[in-house]
Amino acid sequence: MSARYLYAKDTNLKQTITSIIINALESAKAAGELTLPAMPAVTVETPKEAGHGDFATTVALGMAKAERKAPKAIAEIIVKHIANPDGAVEKVEIAGPGFINFFLKPAAWLGVIKDIDEAASHYGHSHVGAGRLVQVEFVSANPTGPLHIGHGRGAAVGDSLCRLLAFTGFDVRREFYINDFGSQVQNLGASIYMRCRQLAGDDGAQVVVPVVADTADDEAGEAKSNLYLGEYITDIAREFMDDPDFLALAEEDKKTYCREEGIKRMLALIADTLARFGVSFDNWYSERSLYDPANDLVKAAMDDLRAKGLVYEDGGALWLRTTEFGDDKDRVMVRANGQTTYFASDIAYHRDKYRRGFSEVIDIWGADHHGYIPRMKAAISALGNDPETFKVLLVQLVNLMREGQPVKMSKRSGDFVTLDEVMEEVGADACRFTFLLRRADSHLDFDLDLVKRQTSENPVYYVQYAHARLCSVFRQAGEKGVALPALSDVNLARLDLPEELNLIKLLSGFPELVEGAALSDEPHRLTYYLQELAGELHAYYFKHRIVTDDLELTYARMYLVKAVRTVIGNALRLLGVSAPEVM
RNA sequence: GCGCCCGUAGCUCAGGCGGAUAGAGCAACAGCCUUCUAAGCUGUGGGCCGCAGGUUCGAGUCCUGCCGGGCGCACCA
């Protein structure tokens with residue numbers, strides 16, 4: 001199929017309409033009524049206005065110049081040549097400057113219910129990803145403290161994106177990059193060690209020399225503030241001090257133990273929080289492993305780049321010519337003091353990602369790191385990879401609020417609200433749904449009181465309630481002895497209310513929505529879709545009874561709401577939010 | 001100063017590839033439970049899509065400039 005036939009793969013119906021139009025164009029060309037030097041891209045959309053039909057196309061508008069005819073005249077020619085092989089189309093209208101609107105027979109929509117019933121939990125699944133191996137790296141928090149709410153948003157976005165990608169046929173690998181190499185983990189060890197000394201009765205925190213003290217303006221007094229002072233540090237220290245094996249160590253070994261064991265504790269804590277949040281990873285990748293003397297990937301990466309003539313020395317430091325790939329200035333990989341930069345690690349890490357065979361690499365970063373993108377892209381290019389295969393998704397920071405007032409947070413002092421605490425207070429479902437209520441790169445106010453509230457102000461319960469409600473209908477029907485017959489024995493044509501048709505149309509758009517959300521990395525589209533679907537369902541439920549004495553109608557409606565329940569369930573699953581059967 | 005992102009209803013935000021009369025939730029106001037779950041439903045009001053140009057059959061959407069806000073500009077991570 002050539003590129004000119006590219007169109008959104010959607011329900012069979014949209015595809016049917018598209019083929020009908022293409023056939024009409026070819027038929028018109030054969031009849032000599034259109035010149036068609038090149039087959040135009042045929043796009044079919046669903047009009048916002050119901051009066052404009054079920055589907056509409058603007059091909060005629062775009063062809064005006066090439067055909068040297070008025071759009072309306074072109075539209076008339078196309079319509080004249082429209083064949084209607086399977087009889088789905090009821091009528092075709094030309095409107096406005098040359099829109100062609102298609103009105104379908106209501107019966108044409110009923111097949112959607114059958115599709116959903118058959119596909120069930122797979123409805124919306126597709127193969128656009130074509131098995132391409134894609135890696136998503138997200139959260140990647142420093143193992144120096146508990147996760148906070150910003151990490152939570154990154155986790156929610158990343159996890160949902162992974163679910164979407166897997167559902168659309170990509171082969172997805174989730175990875176967490178552990179920053180266990182640089183000065184931050186040194187500080188972690190020093191922080192724990194300092195608390196140990198204090199617990200031992202040694203009042204002088206000055207026994208610990210902070211590690212990051214090599215910058216010019218970093219006075220001794222200042223440097224002390226690099227230590228982590230949170231309560232969790234003291235907790236770990238207390239555990240160590242209760243351990244006779246620890247106490248038996250020499251002082252230097254205690255320091256090492258504090259660092260190494262501290263990292264392990266923090267990682268375990270982070271993994272635990274993420275598990276409770278419903279997020280898991282295929283791989284936890286250690287930054288330190290990049291420097292393994294037996295297999296020094298950082299050195300290998302720099303050798304690679306040096307061989308390409310992209311590395312030079314200046315002022316005692318080793319630089320990468322990122323400016324050759326669009327960066328503002330060249331960047332340092334090895335400092336004059338011999339220490340590698342974070343950038344050097346990142347280069348080696350991303351080089352390794354490509355060497356592991358990923359055809360697409362997605363990083364999810366906090367938006368405050370956006371200035372880092374050009375140099376990373378440059379590094380990807382410098383290593384000989386197509387920069388188009390490397391995407392960075394920026395997640396804006398979260399403003400934590402309580403009753404409309406911002407909650408003050410400072411990581412170093414330990415005065416911050418952890419993701420665990422937030423989950424405890426509002427629940428993981430509400431938390432995740434709220435994180436995905438906006439575009440990832442949009443600022444998000446997270447008001448604890450609002451997210452906790454189980455009212456109409458809180459969309460997560462609105463959506464979950466729709467699901468629970470439908471489950472209840474089936475329970476009630478079961479209690480009344482109403483047994484749902486096979487779909488082939490049900491007269492779906494009884495679904496003739498406008499509300500019922502609207503619901504079906506909305507359901508039929510789900511696969512396209514999923515595909516769009518996956519391909520554009522926008523999981524938030526799911527929450528919007530869910531709110532709309534739940535809204536239609538609630539209105540329908542309120543207005544019409546599902547289980548009545550009219551059994552034929554009852555069966556038809558039960559299959560309809562069963563389909564709704566399926567789609568709500570599938571969408572919630574893609575968000576990592578539960579679909580409760582009872583509320 | 002340079003770069004990136006943002007500016008849509010009172011508030012918070014959606015607006016697939018440029019399409020027809022720009023949407024939702026909340027807030028405000030007025031209503032609806034004898035009936036499958038009221039965590040629900042119905043109705044009303046509310047707009048210079050920041051401003052000014054440009055591109056074209058058509059711009060909230062694309063381009064340029066300006067104004068306003070956020071963030072980033074290390075031999076830190």
Query raised in the report: Over how many whole Å does the gap from A/Tyr462 atom OH to B/C26 atom C1' extend?
Result: 13 Å

Report summary line: Winner on side-chain proximity to A/Tyr342, out of B/U12, B/A77, B/C75, is B/A77

Query raised in the report: Among B/U35, B/A14, B/C75, which nucleotide sits nearest the side chain of A/Trp319?
Result: B/C75

**Report entry** Nearest-nucleotide pick for A/Tyr528, side chain only, options being B/A14, B/G15, B/A20
**Finding:** B/A14

**Report entry** Paired nucleotide for B/C2 [Watson-Crick or G-U wobble; both distances under 3.5 Å]
**Finding:** B/G72

Report task. Side chain of A/Arg439 only, please: which of B/A14, B/A77, B/A39 is the nearest? Result -> B/A14

Query raised in the report: Going by an N to O cut-off under 4.0 Å, is there a salt bridge joining A/Asp550 and A/Arg494?
Result: yes

Query raised in the report: Closer to the 5' end of RNA chain B via nearest nucleotide, is it A/Arg525 or A/Ala466?
Result: A/Arg525

Query - Phosphate-side-chain proximity, A/Tyr372 and B/C71, N/O vs OP1/OP2 below 4.0 Å - result: no

Query raised in the report: Are A/Ser442 and B/A14 close enough that a side-chain N or O sits under 4.0 Å from OP1 or OP2?
Result: yes

Query raised in the report: Would one find a side-chain N or O of A/Lys377 under 4.0 angstrom from OP1 or OP2 of B/C4?
Result: no

Query raised in the report: So, the side chain of A/Ser183 versus the backbone of A/Gln186: is there a donor-acceptor pair under 3.5 Å, distance only?
Result: no

Query raised in the report: Base, sugar-phosphate alone, or nothing: which one does A/His538 contact when heavy atoms must sit under 4.0 Å apart?
Result: sugar-phosphate

Query - Atom NZ of A/Lys505: over 12 foreign heavy atoms under 6.0 Å - result: yes

Query raised in the report: Which base, if any, makes a Watson-Crick or G-U wobble pair with B/G65, both distances under 3.5 Å?
Result: B/C51

Query raised in the report: Looking at B/A20, does its base get a donor-acceptor pair with the side chain of A/Asn101 below 3.5 Å?
Result: yes

Query raised in the report: Atom CD1 of A/Ile233 and atom CG of A/Asn187: how far apart are they, to the nearest 0.5 Å?
Result: 10.0 Å

Query raised in the report: Looking for any heavy atom pair under 4.0 Å, which part of the strands does A/Ala70 touch: base, sugar-phosphate only, or nothing?
Result: nothing

Query raised in the report: Would one find a side-chain N or O of A/Lys48 under 4.0 angstrom from OP1 or OP2 of B/A20?
Result: yes

Query raised in the report: Sequence neighbours excluded, which residues qualify as salt bridge (Lys or Arg N to Asp or Glu O under 4.0 Å) partners of A/Glu76?
Result: none

Query raised in the report: Can you check whether A/Arg469 has a side-chain N or O nearer than 4.0 Å to OP1 or OP2 of B/A38?
Result: yes

Requested in this report: Just call it for A/Phe474: base, sugar-phosphate, or nothing, with non-hydrogen atoms closer than 4.0 Å on any strand.
Outcome: nothing

Requested in this report: Remember a base hit wins even if backbone is also touched, and classify A/Gly98 as base, sugar-phosphate or nothing at under 4.0 Å, heavy atoms.
Outcome: nothing

**Report entry** Glycosidic conformation of B/C57, taking syn as within 90° of 0 and anti otherwise
**Finding:** anti

Report summary line: Applying the 3.5 Å cut-off to both distances, the Watson-Crick or G-U partner of B/U21 turns out to be none

Query raised in the report: Given that A/Val473 and A/Leu444 both sit by RNA chain B, which one's nearest nucleotide is further toward the 5' end?
Result: A/Leu444

Report task. Return the stacking result for B/G19 and A/Phe99: yes when the ring centres lie under 5.5 Å apart and the planes under 30°, no otherwise. Result -> no

Report task. For A/Tyr372 and A/Arg331, run side chain to side chain donor-acceptor pair (under 3.5 Å): C-alpha distance rounded to whole Å, both residues' side-chain angles, the deciding distance at 0.1 Å, then the answer. Result -> CA-CA 11 Å; A/Tyr372 204 76; A/Arg331 306 291 173 175; over 6 Å; no

Query raised in the report: With a non-hydrogen cut-off below 4.0 angstrom, is A/Lys543 in contact with a base, only sugar-phosphate, or nothing?
Result: nothing

Query raised in the report: Any stacking of A/His369 on B/G72, going by centres under 5.5 angstrom and planes within less than 30 degrees?
Result: no

Query - Watson-Crick or G-U wobble partner of B/G16, both distances under 3.5 Å - result: none

Query raised in the report: Across all strands shown, which nucleotide pairs with B/C29 by Watson-Crick or G-U wobble geometry, both distances under 3.5 Å?
Result: B/G43

Query raised in the report: So which nucleotide from B/C41, B/C13, B/A39 ends up closest to the side chain of A/Phe542?
Result: B/C41

**Report entry** Polar side-chain contact A/His370-B/C71 base: donor and acceptor under 3.5 Å
**Finding:** yes

Report task. Ignoring backbone atoms, establish whether A/Lys480 has a side-chain N or O less than 4.0 Å from OP1 or OP2 of B/C36. Result -> no

Query raised in the report: Counting side-chain heavy atoms from CB outward, which of B/C41, B/G15, B/C36 is closest to A/Gln476?
Result: B/C36

Query raised in the report: Looking at B/A77, B/C76, B/A14, which one has an atom nearest to any side-chain atom of A/Arg335?
Result: B/C76

Report task. Have a look at B/G16 and give me syn or anti from its glycosidic angle (syn if within 90° of zero). Result -> syn

**Report entry** Of the listed nucleotides B/A14, B/G72, B/G19, the one nearest the side chain of A/Asp368
**Finding:** B/G72

**Report entry** Residues A/Phe435, A/Phe446; criterion ring-ring contact (aromatic ring centres under 6.0 Å, His included); working and verdict
**Finding:** CA-CA 8 Å; A/Phe435 282 140; A/Phe446 191 103; 5.2 Å; yes

Query raised in the report: Phosphate oxygens OP1/OP2 of B/C11: is one of them under 4.0 Å from a side-chain N or O of A/His443?
Result: no

